[in-house]
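All values below come from the heavy atoms of this structure, side chains included, with hydrogens, waters and symmetry mates left out. What you are looking at is a predicted structure, and each value in this text was computed from that prediction instead of being measured. One-based numbering, in listed order, for ligands and for the atoms of each.
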Amino acid sequence: MLVTLEGIDGAGKTTVLEALADAHPEAVVTREPTKSWYGEAVERSIADDDSDSLAELFLFIADHADHLDRVIRPALAADRLVLADRYVDSRLAYQGESLREELKRPMEYIRGVHEPFTRWPDATLYLDVDPETGAKRAGATNKMEHAEFLAGVRSNYERLVEAEPDRFVRIDATRPPEEVIATAERTLTRLL
Ligand code: TMP
């Protein structure tokens, strides 16, 4: 089973994932961008304020293709539980926003590029936080971590949750971390 964690920067995904990983030592725990050289290329692009948004999308997708091949598919073939910190929905939400002016229907375009080769998640925990809280928690260290950009990303996530209410589980991430973790743990137990 493939369970992904999504949310804007500062939603607290990483803390929640650590707790879920502790509770499920049998799980394969992974993330996008990955630690491979594809992921390093992505990190370089994110850190560069002048990088081309379309080129950046394809770096993320290259990293995803490698991630699928090297980590996700083998783990699922071995019947493992896979927990992923960010996955395809991050592209739909973030690059859907960064390419808003460049492409006509960016989210549809990004979905179309992934569709032929990806493996969609079985369930997605969406940690929902307002953009101001997210930006403040994230500390605005890169171009994505600003409230205005994150507001667009959040509304893209809203569209995704609305379109697939059975796959997404929305969790209010403005609550104290221990409550968010407890809700995420209960949700994962129920899913399994
Ligand atoms: P992180 O904060 O979860 O480490 O993710 C790194 C940044 O990359 C974060 O600002 C979100 C962004 N991102 C995208 O824009 N598109 C993607 O597909 C992924 C996986 C991350």
Around [atom], find the nearest protein heavy atom and jot down its residue, atom name and distance.
{"atom": "atom 18 (O) of ligand 1", "answer": "R91 NH1, 2.8 Å"}
{"atom": "atom 21 (C) of ligand 1", "answer": "F60 CE2, 3.4 Å"}
{"atom": "atom 3 (O) of ligand 1", "answer": "R86 NE, 2.7 Å"}

Residue-level breakdown please: for I46 versus ligand 1, do any non-hydrogen atoms fall below 4.0 Å on the side chain, on the backbone, on both, or on neither?
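Side chain only.
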Please state which part of Q95 comes within less than 4.0 Å of ligand 1, counting heavy atoms only: side chain, backbone, both or neither.
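Only the side chain of Q95 comes within reach of ligand 1.
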Please confirm whether D9 comes within less than 3.5 Å of ligand 1 when only nitrogen or oxygen atoms on both sides are compared.
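D9 vs ligand 1: N/O contact under 3.5 Å present.
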Can a donor-acceptor pair be found between the side chains of R86 and Y94 at a distance below 3.5 Å?
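Result is yes, a qualifying pair exists.
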Give a yes-or-no answer on whether the side chains of K143 and S51 include a donor-acceptor pair shorter than 3.5 Å.
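The answer is yes; a qualifying pair exists.
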Taking the non-hydrogen atoms of R31, is any one of them nearer than 4.0 angstrom to ligand 1?
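True for this residue.
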Against ligand 1, does K13 come closer than 4.0 Å with any heavy atom?
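In this structure, K13 qualifies as a contact of ligand 1 - some heavy atom is under 4.0 Å.
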Determine yes or no for a side-chain-to-main-chain donor-acceptor pair under 3.5 angstrom, with E97 supplying the side chain and L150 the backbone.
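Side chain of E97 to backbone of L150, a donor-acceptor pair under 3.5 Å: no, none is there.
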Salt bridge present between R154 and D128 (N-O < 4.0 angstrom):
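Looking at R154 and D128, the cut-off is met.
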Could you walk me through whether S53 and Q95 satisfy the side chain to side chain donor-acceptor pair (under 3.5 Å) test, starting with their C-alpha distance in whole Å, then the side-chain angles of each, then the deciding distance to 0.1 Å, before giving a yes or no?
CA-CA 8 Å; S53 299; Q95 278 60 54; over 6 Å; no
Per-atom contacts of ligand 1 with E32, taking only distances under 4.0 Å to non-hydrogen atoms
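The atoms of ligand 1 under 4.0 Å from a heavy atom of E32 are 20 (C).
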I need the minimum non-hydrogen distance between A41 and L59, along with the two atoms involved.
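Scanning both residues, the minimum pair turns out to be O-CD1, 3.9 Å.
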Answer with yes or no whether the hydrophobic clustering places L2 together with L17; edges join I, L, V, M, F, W, Y residues whose side-chain heavy atoms lie under 4.5 Å apart.
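Different hydrophobic clusters.
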